[in-house]
2 protein chains.
Amino acid sequence: MKSKATSFDIAHMAGVSQSTVSRALSNSPLVNQETRDRIKQIAKDLNYKVDKNASNLRKQHSQTLALLLFEDPTSDDSLINPFFISMLGSITKATAAAGYDLLVSFQNLKDDWHAVYEDSNKADGLILLGYGSYTDYEYKLSQLEEQGTRFLRWGAPDEKHPGISIGCDNFLGGVLVTQHLVDIGHKSFAFIGDADESAPEFKARFDGFMSVIAESKLNADSVVQKDAISTESDGYNAAIEILNTGKPDAIVCASDLIAMGAIRAIRSLGFKVPRDVAVVGYDNIQISEFASTPLTTVHQNTQLAGELLVANLLKLINNEIVTDYLMPPELIIRQSCGRTT
Amino acid sequence: MKSKATSFDIAHMAGVSQSTVSRALSNSPLVNQETRDRIKQIAKDLNYKVDKNASNLRKQHSQTLALLLFEDPTSDDSLINPFFISMLGSITKATAAAGYDLLVSFQNLKDDWHAVYEDSNKADGLILLGYGSYTDYEYKLSQLEEQGTRFLRWGAPDEKHPGISIGCDNFLGGVLVTQHLVDIGHKSFAFIGDADESAPEFKARFDGFMSVIAESKLNADSVVQKDAISTESDGYNAAIEILNTGKPDAIVCASDLIAMGAIRAIRSLGFKVPRDVAVVGYDNIQISEFASTPLTTVHQNTQLAGELLVANLLKLINNEIVTDYLMPPELIIRQSCGRTT
DNA sequence: CTGAAAGCGCTTACAG
DNA sequence: CTGAAAGCGCTTACAG
């Protein structure tokens, strides 16, 4: 194992000063074209790469973005929400395309926030990604902001939270999917998913759902809502409870994972989807297409979302002005909602 | 935005030297318990964190591991193989648990290997994760090894490739799933998946498959094999080709994604799974359980794999001896293979 | 266009 | 147990 070459080694070989090597390698127009090429060739031959630690220390920035994933505390390892996975993929690519590195870390609700500060030190900016509220972190987020840490969060814009958010219009998504159910003739509805402050995305979906119920002059009082976080088993349990009290025409679920559980529950009681009960989800995760009954759901453009998140975080880092942004959701009609014609 | 505190600031406030601060914060037993506590308290109050760039530069290591994901060049963004996603999750956690950071980057076959070297500079060790062969990278891997870069790859142990590998016994997996099909009475078989040098994992699964065919005294000549990389569409196309020439009792697929495509193909021709044609996959990705016909498949313990990968890479970094390791696969029997009794 | 020098914020021998 | 000092490998004013 040979020790790594430094810029001094290159300088020595090229017969120039170390400063010139540094300039040449960073494509400074200050250095003579010819010299620059020669230095680059030598660097290439030696497989030399600039030491990032030294470079970053000197430049006082890291060329690194950190992605902080907030998981639901109950979800087990193997069940990372596929939606986030998809986001992870697009963020990774967008980051790389921008010439930045990506540090990924999972934040656990149980831990204290050590990791965030650590990461904020190693990264020029942070992307926060997670379902549910960042309410628990509000204080920490304020602290980050005070320190001058640049961060963006995925989710609903929210006056009460520090920081800028980029998200998908959950209210509109809830409207789209519920309106479709109404349009094709469903009359009675249930909703599965947390619908309080702790889960702003879910709540917005629920609000969209309720707004359609109200406008359609359906009996809002007959609507059942059951709490659930985004897991298959929560969906299952909530659906069982609902069906024990009565059978709605359609169940609107706050996520595809919940919908998968609801479908399993409906079947376990001997009903058929969508014949006896229609089910719709949210997220358009991969499973939803291949599911036993392909799921009608709401698609969020994760590709675009990743690009937006990275592009805007970079703007933030460059002290440009960034505002909240809400992407439009897209209704995906498959079989689980019933008669589509 | 206030500028960040440094160890000198802490030293000033604590009335000690900067060296002492550094020692206290790294829990050196050299410094007086009381002083240590006082310094730590101040650091906490100031929300001070050690500058990693400076620390790493000085210590000449990065406390960072890099995960290099090799994707099939054809797979589109949204379809990152769920198996890798699961690995990503477990690697992320294992890395964090070990007190390291994780840098994630997607290597694109089209690009040159710049990223690898970059990453090798920012990380103490590399984990290579991808389906298929690393043949194309063989030269680069040798170079990495020469430079003294520590790396581990996920996959089949392979004499011809540099580096140590940790993987799952693909041959045995192929045996398990095929033997089960034979046991429950299937007689004629097809295999979908690349079965040449370029895809060592798939080839090993195929070899396991063929060994069962041979031992079962079935007519090996009648076995059809069609190439496919791990995508739903490749699986679909390959299955269509197979069914156009004849209908085997069972199709063994080199991955779950391929199996999903095969099932779609079988249905599109009016056949039923498993009644007319049984299908089995490999990987036990999340979809396989929720699929229209739950998939019989082979499970690889990604949780363990991630831990093993990280633990062994850390050993490598500490100059301990590490050897190839092959994890046992586990057969998961669901409905797609037919009569299970 | 090029070089000598300072300094980014740490860790760790070295000396006491 | 503590401090003064060197140095990790760069980038970038500063001077020419």
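So that the names make sense, note that chain A is the first sequence line, chain B the second, and so on, each numbered from 1.
- For L30(B), the side-chain atoms get nearest to dC1(D) when compared with the rest of dG3(D), dC8(C), dC1(D).
- An OP1 or OP2 oxygen of dC10(D) is reached within less than 4.0 angstrom by a side-chain nitrogen or oxygen of S7(A).
- Closest to the side chain of T20(B), out of dG3(C), dT2(D), dC10(C), is dT2(D).
- Using atom C1' as the reference point in both dG16(D) and dT12(D), the two lie 16 Å apart (nearest Å).
- Residue-level contact check: T35(B) touches the backbone only, with heavy atoms under 4.0 Å from sugar-phosphate atoms and none from bases.
- Rounded to a whole angstrom, the distance from the P atom of dC14(D) to that of dC10(D) is 23 Å.
- Contact check, S55(A) against dC10(D): no side-chain N or O comes under 4.0 Å of OP1 or OP2.
- Both N32(B) and Q60(B) lie close to DNA chain D; mapped to their nearest nucleotides by heavy-atom distance, the more 5′-ward contact belongs to N32(B).
- Counting non-hydrogen atoms of other residues, nucleotides and ligands closer than 6.0 Å to CE of M13(A) gives a total of 12 or fewer.
- In this structure, CD1 in I127(A) is found 9.5 Å from CG in L68(A), a value given to the nearest 0.5 Å.
- Between the CG atom of D37(B) and the P atom of dC1(D) there is a distance of 13 Å, rounded to whole Å.
- Of the residues near DNA chain C, Q18(A) and P29(A), the one whose nearest nucleotide (by heavy atom distance) lies more toward the 5' end is P29(A).
- Between the P atom of dC8(C) and the CG atom of N53(A) lies a distance of 17 Å, rounded to the nearest Å.
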Do any N or O atoms of the protein come closer than 3.5 Å to N or O atoms of nucleotides 13-16 of chain C, and which pairs are they?
from: dA13(C); atom 1: N6; to: R23(B); atom 2: NH2; distance (Å): 2.7

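- Between F8(B) atom CZ and dG3(D) atom P there is a gap of 12 Å when expressed in whole angstrom units.
- H12(A) has its NE2 atom 14 Å from the P atom of dA4(C), to the nearest Å.
- To the nearest angstrom, P of dC1(C) lies 14 Å from CG of N27(A).
- By the side chain to side chain donor-acceptor pair (under 3.5 Å) test, T95(A) pairs with no residue at all, sequence neighbours left out.
- Among the nucleotides dC10(D), dC8(C), dA5(D), the one closest to any side-chain atom of L57(A) is dC8(C).
- A donor-acceptor contact under 3.5 angstrom links the side chains of N319(A) and R150(A), judged on distance only.
- D9(A) places none of its side-chain heavy atoms less than 4.5 Å from the side chain of Y48(A).
- Taking atom CD1 on I39(B) and atom P on dG3(D), their separation rounds to 8 Å, with Å as the unit.
- Distance check, rounded to the nearest 0.5 Å: CG of L152(A) to CG of L316(A) gives 6.0 Å.
- Side chains of N27(B) and K40(B) form a contact here, defined as non-hydrogen atoms less than 4.5 Å apart.
- Between the CZ atom of R38(A) and the C1' atom of dC1(C) there is a distance of 13 Å, rounded to whole Å.
- Side chains of D45(B) and Q41(B): a donor on one and an acceptor on the other come within 3.5 Å.
- S7(B) and Q18(B) share a side-chain donor-acceptor pair at under 3.5 Å.
- When the side-chain nitrogen and oxygen atoms of Y48(A) are compared with OP1 and OP2 of dC10(D), one or more of them lie within a distance under 4.0 Å.
- One interatomic measurement links the two molecules: CD of Q63(B) to P of dG9(C), which rounds to 21 Å at whole-angstrom precision.
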Its dot-bracket string being built from Watson-Crick and G-U pairs below 3.5 Å, with | for another strand and [ ] for crossing, DNA chain D has the pattern |||.||||||||.|||

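- Contact annotation: the side chain of I91(A) never approaches that of L88(A) to less than 4.5 Å [non-hydrogen atoms, C-beta and beyond].
- Comparing the same atom, P, in dC1(C) and in dA5(C) gives a spacing of 24 Å after rounding to whole Å.
- Taking a 6.0 Å sphere around CD of E320(A), one finds it holds more than 12 heavy atoms contributed by other residues, nucleotides or ligands.
- Within the 4.0 angstrom heavy-atom criterion, base atoms lie near S22(B).
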